[in-house]
Amino acid sequence: MNMILQAIQKSAIRIKEAIDVKDIGYSQEQNSSGETQLQLDIQSDLIIEEELSRIEGVHTIASEEKEEPMVLNENGHYFIAFDPLDGSSLVDVNLSVGSIFGIYEGAFTPSKMVASCYVVYGPRVELVFADEHHVSLYLLQNGEFEFVKHLHLNEKGKIMAPGGTQQYWAPYHKAMIDGFFTRGYRLRYSGGMVPDLHQILLKGGGLFSYPGAADKPEGKLRMLFEVFPFAFIFERAGGKAVDGSARVLEKEPRHVHDTSPCFFGSCDEVNEVLSVYAGQQ
Ligand code: AFP
């Protein structure tokens with residue numbers, strides 16, 4: 001597992017360098033050698049693939065940037081699913097983005113998940129790694145990720161990150177979100193799930209929601225690449241992660257790119273989601 005964490009740290013440093021170059025995002029320009037310049041999220045995908053393919057213990061990888069999983073080592077036993085650069089559209093407007101990893105033993109199924117990790121590329125580069133025992137925060141300092149502290153969620157928070165297109169929200173969902181704001185919760189939504197969930201974790205609580213809605217009944221966020229890794233982290237930090245009626249880690253995607261409605265947060269807020277949604281069943 002240490003080799004995987006080191007490979008993720010090396011990838012993060014290389015992706016940060018890629019983000020910092022002048023020509024970013026959706027350029028299709030040709031460089032001086034006549035090669036087409038790659039988009040940042042595809043560049044990030046290749047960086048991670050390169051670093052993970054050096055580890056014999058990694059059997060299969062799956063990327064949000066690729067249609068199908070890729071077998072690297074038949075003798076390996078780790079299965080790693082990742083979103084190389086979530087929110088890449090935000091780089092152009094200089095907002096924080098992130099990389100997300102879910103680490104499994106033997107198969108891409110929540111019951112086989114043994115660790116998860118994400119990196120935030122913001123004013124600083126931070127990494128959060130969760131295993132069975134801890135949720136640990138690391139800060140990139142002088143080319144090294146230094147351990148900072150273990151993260152825990154309080155029972156209740158103060159911030160709200162409500163995703164999805166409001167005009168398509170179910171009326172009971174809108175009433176619930178309005179209810180939180182009426183009780184003084186602060187709006188903290190950037191459009192990037194990594195910095196938004198990172199803020200809730202570091203501030204000790206609150207609620208991130210991306211519900212099913214009229215335009216996207218199954219939500220927008222992908223179970224394997226986005227939802228399961230954060231669910232693993234939030235549960236180990238003492239919070240909850242549900243789809244409105246059940247733990248998201250009890251779901252089985254039929255296809256690697258399947259999405260799910262999702263709610264992450266401290267217990268008090270997620271319990272309110274469960275009771276509001278139960279009233280609609
Ligand atoms: P992009 O990768 O297309 O920028 O989407 C980012 C994201 O996957 C996630 O990070 C956000 O929470 C969510 O989508 C934002 O979705 P909306 O734009 O519908 O609010």
Side-chain angles (χ1 to χ4, degrees), residues 12 15 18-19 24-27 38-45 47-48 62-67 81-102 116-122 125-128 159-170 173-174 177 181 187-203 206-234 239 241-244 248 253 255-265 269-270 273:
I15 292 170
I19 289 172
I24 51 177
Y26 302 94
S27 142
L38 293 174
Q39 296 154 353
L40 202 47
D41 42 14
I42 297 173
Q43 241 177 315
S44 306
D45 182 42
I47 288 170
I48 295 170
S63 166
E64 190 191 69
E65 294 302 330
K66 290 204 174 64
E67 196 47 39
F82 55 90
D83 182 348
L85 199 63
D86 183 77
S88 54
S89 60
L90 300 172
V91 172
D92 290 354
V93 291
N94 208 14
L95 283 174
S96 299
V97 292
S99 301
I100 312 169
F101 303 81
S116 77
C117 180
Y118 68 83
V119 181
V120 190
Y121 309 98
V125 177
E126 290 178 317
L127 181 151
V128 171
I159 57 178
M160 198 51 48
T165 312
Q166 297 201 17
Q167 73 183 105
Y168 297 123
W169 283 354
H173 180 80
K174 173 121 180 51
I177 299 293
F181 287 125
L187 175 63
R188 293 290 182 275
Y189 188 76
S190 72
M193 78 180 291
V194 176
D196 291 342
L197 285 161
H198 189 61
Q199 176 160 201
I200 291 172
L201 261 177
L202 265 64
K203 294 275 178 67
L207 179 71
F208 174 98
S209 53
Y210 206 110
D215 61 333
K216 297 185 180 89
E218 280 310 310
K220 174 188 181 182
L221 303 176
R222 293 182 176 82
M223 285 187 251
L224 213 51
F225 306 112
E226 296 163 316
V227 176
F228 291 163
F230 274 106
F232 189 93
I233 289 167
F234 268 67
V242 302
D243 65 356
V248 285
H255 184 277
V256 286
H257 289 279
D258 280 356
T259 62
S260 170
C262 52
F263 303 82
F264 304 90
E269 291 83 359
V270 177
V273 170

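When a ligand or atom number is given, it counts from 1 through the structure's own listing order. These numbers come from a predicted model, not from an experiment.
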Assign the ring pair H257 / F225 to parallel, tilted or perpendicular, where the plane angle (0 to 90°) is split at 30° and 60°.
-> tilted
Only one of F230, F234, Y118 clears ring-ring contact (aromatic ring centres under 6.0 Å, His included) with H198; which?
-> Y118
In this structure, OG of S88 is separated from CD1 of I15 (nearest 0.5 Å) by 11.5 Å
Report the distance from atom CG of D258 to atom CD of E218, rounding to the nearest 0.5 Å.
-> 8.0 Å
Ligand 1 to M193 polar contact by distance, N or O atoms, under 3.5 Å = yes
Of all the non-hydrogen atoms in the protein, which one sits nearest to atom 19 (O) of ligand 1, and at what distance?
-> Y210 OH, 2.5 Å
Hey, is ligand 1 close enough to G87 that some N/O pair sits below 3.5 Å?
-> yes
To the nearest 0.1 Å, how far is atom 16 (O) of ligand 1 from its closest protein heavy atom, and which atom is that?
-> K220 NZ, 3.1 Å
Proximity of T165 to ligand 1 by residue part, where a heavy atom lies under 4.0 Å | neither
Heavy atom of the protein closest to atom 20 (O) of ligand 1 (residue, atom name, distance) = Y189 OH, 2.7 Å
Can you find a non-hydrogen atom of D86 under 4.0 Å from ligand 1?
-> yes
Heavy-atom closest contact (G265 atom, V270 atom, distance) = N-CG2, 3.6 Å
Sub-4.0 Å atoms of ligand 1 with respect to non-hydrogen atoms of F208 = 12 (O)
With heavy atoms of E226 as the reference, note each atom of ligand 1 found under 4.0 Å away.
-> 8 (O)
Answer side chain, backbone, both or neither: which part of F225 comes under 4.0 Å from ligand 1, heavy atoms only.
-> neither
Closest non-hydrogen atom pair between V119 and A12, with its separation | CG1-CB, 3.9 Å
For atom 11 (C) of ligand 1, closest protein heavy-atom neighbour = G191 O, 3.2 Å
Contact check: S89 vs ligand 1, nitrogen or oxygen atoms, below 3.5 angstrom = yes
Taking every heavy atom of C117 against every heavy atom of I233, the minimum-distance pair comes out as N-CD1, 4.3 Å
For G192, counting its heavy atoms only, list the atoms of ligand 1 lying under 4.0 Å from any of them.
-> 10 (O)
4.5 Å side-chain heavy-atom contact, Y189 and P162 = yes
Between F264 and F208, how do the two ring planes meet: parallel, tilted or perpendicular, split at 30° and 60°?
-> tilted
